[in-house]
Amino acid sequence: QVQLVESGGGLVQAGGSLGLSCAASGRTFSTYIMGWFRQAPGKEREFVAAIRWSGSTDYADSVKGRFTISRDNAKNTVYLQMNNLKPEDTAVYYCAASPRTVVPSFGSWGPGTQVTVSS
């Protein structure tokens, strides 16, 4: 089992920046793909960004150009740098891990960290 813990959430004004971190421990061989998801009150959980072991990335259209996902494999840590934040970015942000499968299968999740963007 992979344990994931997010950190770095907080309150920021619109247009500001915030960086999130996710530390993985345990059976980290199941972290071929690391992803960030978010869920706002009353809304469905949505995909934000993902990064593979090689460093290749995918982003949701809503955050493309504003957010950057990165990882340090030696530290078993994934990051999400969020710039030009908007009120609609307000949500609980979750870190997730997927093994190497035909399609991503995020079976391990962190407890989440709150990001609030004020207008």
Side-chain angles (χ1 to χ4, degrees):
Q1 187 177 18
V2 177
Q3 291 78 47
L4 305 172
V5 180
E6 305 93 340
S7 62
L11 175 65
V12 64
Q13 292 186 344
S17 299
L18 201 62
L20 305 181
S21 297
C22 173
S25 61
R27 301 181 181 183
T28 54
F29 55 81
S30 296
T31 60
Y32 177 74
I33 305 172
M34 297 294 296
W36 287 97
F37 296 76
R38 66 187 183 187
Q39 186 169 28
K43 294 185 178 180
E44 187 177 69
R45 182 176 296 187
E46 65 175 335
F47 168 78
V48 176
I51 184 167
R52 297 167 180 80
W53 184 265
S54 64
S56 64
T57 58
D58 292 295
Y59 295 93
D61 289 341
S62 60
V63 306
K64 196 170 297 181
R66 299 188 298 121
F67 292 10
T68 302
I69 187 171
S70 61
R71 67 188 294 169
D72 187 331
N73 293 336
K75 296 181 179 179
N76 294 317
T77 302
V78 63
Y79 308 93
L80 184 68
Q81 179 62 44
M82 304 181 292
N83 298 324
N84 192 25
L85 284 161
K86 304 175 180 180
E88 52 262 44
D89 294 319
T90 295
V92 176
Y93 282 70
Y94 299 91
C95 177
S98 170
R100 187 178 182 180
T101 54
V102 176
V103 296
S105 180
F106 294 98
S108 299
W109 296 81
T113 185
Q114 177 70 47
V115 172
T116 302
V117 184
S118 62
S119 59

*Go through the steps for K86 and D89 under the test salt bridge (charged side-chain N to carboxylate O under 4.0 Å, His left out), then give the verdict.*
CA-CA 5 Å; K86 304 175 180 180; D89 294 319; over 6 Å; no
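- Using a 4.5 Å cut-off between side-chain heavy atoms of Ile, Leu, Val, Met, Phe, Trp and Tyr, with links allowed through other members, W109 and Y32 fall into the same hydrophobic cluster.
- In this structure, the side chain of T90 does not engage the main chain of T116 through any donor-acceptor pair within 3.5 Å.
- Side-chain contact between F47 and W36 is absent, with no heavy-atom pair separated by less than 4.5 Å.
- The backbone N or O of W53 lies less than 3.5 Å from a partner atom in the side chain of N73, making a donor-acceptor pair.
- The shortest non-hydrogen separation linking T113 to E6 is CG2-CB, 3.8 Å.
- Placement of F37 and V78 in two distinct hydrophobic clusters is found when ILVMFWY residues are connected by side-chain heavy-atom separations under 4.5 Å, directly or transitively.
- Heavy atoms only, all atoms of each residue included: Q114 and V92 are closest at OE1-CG2, 3.2 Å.
- By the neighbour-count criterion of 12 heavy atoms within 6.0 Å, atom CZ of R45 is densely surrounded, having more than that number from other residues, nucleotides or ligands.
- Taking 4.5 Å as the limit, every side-chain heavy atom of F67 sits out of range of all side-chain heavy atoms of T57.
- Closest non-hydrogen pair, A14 versus S119, comes out as CB-CA, 4.4 Å.
- Grouping the Ile, Leu, Val, Met, Phe, Trp and Tyr side chains by contacts below 4.5 angstrom, directly or via other members, places V63 apart from Y94.
- Residues V2 and S25 fail the side-chain proximity criterion, which asks for heavy atoms closer than 4.5 Å.
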*Go through the steps for S17 and N83 under the test side-chain hydrogen bond (donor to acceptor under 3.5 Å, both in side chains), then give the verdict.*
CA-CA 4 Å; S17 299; N83 298 324; 2.9 Å; yes
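- With hydrogens and angles ignored, the 3.5 Å screen pairs no side-chain donor or acceptor of S62 with any backbone N or O of A60.
- Although no hydrogens or angles enter the test, the distance criterion places no donor-acceptor pair under 3.5 Å between the side chain of R71 and the main chain of Y79.
- Atom-to-atom distance recorded for T31:OG1 and I51:CD1 is 11.5 Å, nearest 0.5 angstrom.
- Judged by distance alone, the side chain of Q81 and the main-chain N or O of T68 form no donor-acceptor pair under 3.5 Å.
- Residue-environment remark: CD (Q13) stays at or below the threshold of 12 foreign heavy atoms within 6.0 Å.
- Both L20 and I69 are part of a single hydrophobic cluster, where members link through side-chain heavy atoms under 4.5 Å apart.
- You'll find the side chain of E46 reaches within 4.5 Å of the side chain of R38, heavy atoms only.
- Across every non-hydrogen atom of S105 and P99, the tightest pair is O-CD, 3.3 Å.
- To the nearest 0.5 angstrom, C95 atom SG is 4.5 Å from L4 atom CG.
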